[in-house]
Amino acid sequence: MNIANSARLSYQLIDESDSEFLFQLDQDPEVMRYINNGVMTTREDISDIYIPRLNAYKNVDKGWGLWKVTVIDTEQDIGWILVRPMDFFSDKPIWHDIELGWRFFQSTWGKGYATEAAIQVQKALAKQPENKAFSAVAMLDNDGSVAVMKKMGMDYIKSYIHCDSQLGDLDVVLYRMENKS
């Protein structure tokens, strides 16, 4: 699967060769604040945890994985969009409900890049009839990510405690939109 360029951005699936980019993105405590309370990722975490997790759900044909987002004019890599089935790492993945997530360098915040990228990726995935819904999860007080969800047209579903073996128990909100394509 390919994702066409949007107005300002291009998209490419991330693989092991992008390990340094993943590491650099996670070195800002503000970027990590709503992921794991500001703890920066180590290079060992990237190679021993993040890349194996990515490879577990990556599916090129379906578009699952991390999509690196690059500014077309400057060729600067600024973040990524996550695509995978909801609850993928549980005993009951929801194959028809696609989770979208994002992480961007703080220097790019407030410029609409996350919204532009998330909408472009979602629209490409919406062409696959098996994708019945799109969901996103964010920590309760992550106003920036919640704003992206709302701009995408997602609706608030619930607040709950999300249990993650890597990140621990987090107070989160869940937003969702049905695939209308």
Side-chain angles (χ1 to χ4, degrees), residues 1-19 21-22 25 34-35 49-72 75 77-104 108 111-139 142 144-158 160 162-167 172-181:
M1 176 179 178
N2 289 311
I3 296 179
N5 293 353
S6 55
R8 302 177 291 170
L9 307 171
S10 67
Y11 310 91
Q12 180 179 358
L13 268 177
I14 285 176
D15 61 28
E16 292 84 359
S17 69
D18 295 298
S19 294
F21 166 71
L22 295 171
L25 184 58
Y34 297 112
I35 308 297
I49 298 169
Y50 288 91
I51 295 296
R53 279 177 64 105
L54 168 61
N55 288 337
Y57 63 84
K58 187 174 180 178
N59 182 315
V60 175
D61 293 335
K62 293 181 181 288
W64 301 350
L66 293 179
W67 288 88
K68 182 169 43 177
V69 179
T70 304
V71 176
I72 295 168
E75 298 183 1
D77 299 328
I78 59 171
W80 51 249
I81 301 290
L82 170 138
V83 176
R84 68 179 174 213
M86 277 299 289
D87 300 332
F88 184 83
F89 289 106
S90 74
D91 57 352
K92 294 183 181 177
I94 307 171
W95 302 108
H96 65 276
D97 184 359
I98 302 302
E99 178 182 6
L100 301 175
W102 39 86
R103 191 173 304 171
F104 284 79
T108 69
K111 298 178 181 178
Y113 290 134
T115 301
E116 180 180 331
I119 288 171
Q120 187 73 2
V121 170
Q122 184 272 327
K123 284 182 177 177
L125 294 163
K127 296 174 183 171
Q128 299 174 14
E130 65 269 27
N131 296 334
K132 304 296 183 198
F134 298 94
S135 296
V137 176
M139 286 181 64
N142 187 343
S145 281
V146 170
V148 172
M149 295 171 196
K150 290 177 179 178
K151 289 175 187 172
M152 291 182 69
M154 291 184 169
D155 297 312
Y156 171 82
I157 303 298
K158 66 179 180 177
Y160 68 102
H162 178 76
C163 302
D164 185 289
S165 61
Q166 302 297 323
L167 303 175
V172 300
V173 292
L174 171 65
Y175 278 70
R176 179 175 297 129
M177 65 191 293
E178 299 303 314
N179 187 0
K180 297 180 174 95
S181 291

Could you report the tightest heavy-atom contact between [X] and [Y], atom names first, then the distance?
X      : Y      : value
Ala136 : Met154 : CB-SD, 3.8 Å
Met1   : Gly63  : SD-CA, 3.5 Å
Met139 : Ile35  : SD-N, 4.0 Å

Less than 4.5 Å apart, any side-chain heavy atom of [X] and any of [Y]?
X      : Y      : value
Tyr57  : Leu66  : yes
Ile14  : Phe21  : yes
Ile119 : Met152 : yes
Ile81  : Gln122 : no
Lys58  : Asp15  : yes

Find the distance between [atom1] ([X]) and [atom2] ([Y]) and round it off to the nearest 0.5 Å.
X      : Y      : atom1 : atom2 : result
Met149 : Asp155 : CE    : CG    : 12.5 Å
Leu22  : Ile51  : CG    : CD1   : 5.5 Å
Asn5   : Ile72  : CG    : CD1   : 4.0 Å
Lys132 : Met177 : NZ    : CE    : 15.0 Å

Subject >> CA sep, side-chain torsions, deciding dist, call: Thr108, Val71, side-chain contact (heavy atoms from CB on, under 4.5 Å) >> reply: CA-CA 10 Å; Thr108 69; Val71 176; over 6 Å; no
Original post:
Got a sec, which residues hit ring-ring contact (aromatic ring centres under 6.0 Å, His included) with Tyr175, two or more places apart in sequence or on another chain?
Top reply: Tyr156
Subject >> Greater than 12 external heavy atoms within 6.0 Å of Glu130's CD >> reply: yes
[X]: side-chain contact (heavy atoms from CB on, under 4.5 Å) partners, not counting sequence neighbours:
X     : value
Lys92 : Ser90
Tyr11 : Ile3, Ser6, Leu9, Trp67, Val69, Glu116, Ala117, Gln120, Val121
Ala56 : Phe88, Phe89

Subject >> Check: Ala126 main-chain N/O paired with Asn179 side-chain donor or acceptor under 3.5 Å >> reply: yes
Original post:
With no hydrogens and no angle check, is any side-chain donor or acceptor of Asn131 less than 3.5 Å from a backbone partner on Leu125?
Top reply: yes
Subject >> Results of side chain to side chain donor-acceptor pair (under 3.5 Å) for Asn55 - residues two or more places apart only >> reply: Glu16
**OP:** Step by step, work out the side-chain contact (heavy atoms from CB on, under 4.5 Å) result for Val137 and Met86.
**Re:** CA-CA 10 Å; Val137 176; Met86 277 299 289; 4.0 Å; yes
Expected list for residues 93-104: side-chain donor-acceptor pairs under 3.5 angstrom, two or more places apart:
residue: Asp97; atom: OD1; partner: Ser135; partner atom: OG; Å: 2.8
residue: Asp97; atom: OD2; partner: Ser135; partner atom: OG; Å: 3.0
residue: Asp97; atom: OD2; partner: Arg176; partner atom: NE; Å: 3.1
residue: Asp97; atom: OD2; partner: Arg176; partner atom: NH2; Å: 3.3
residue: Glu99; atom: OE1; partner: Arg84; partner atom: NE; Å: 3.2
residue: Trp102; atom: NE1; partner: Ser145; partner atom: OG; Å: 3.0
residue: Arg103; atom: NH1; partner: Asp26; partner atom: OD1; Å: 2.8
residue: Arg103; atom: NH1; partner: Asp26; partner atom: OD2; Å: 3.0

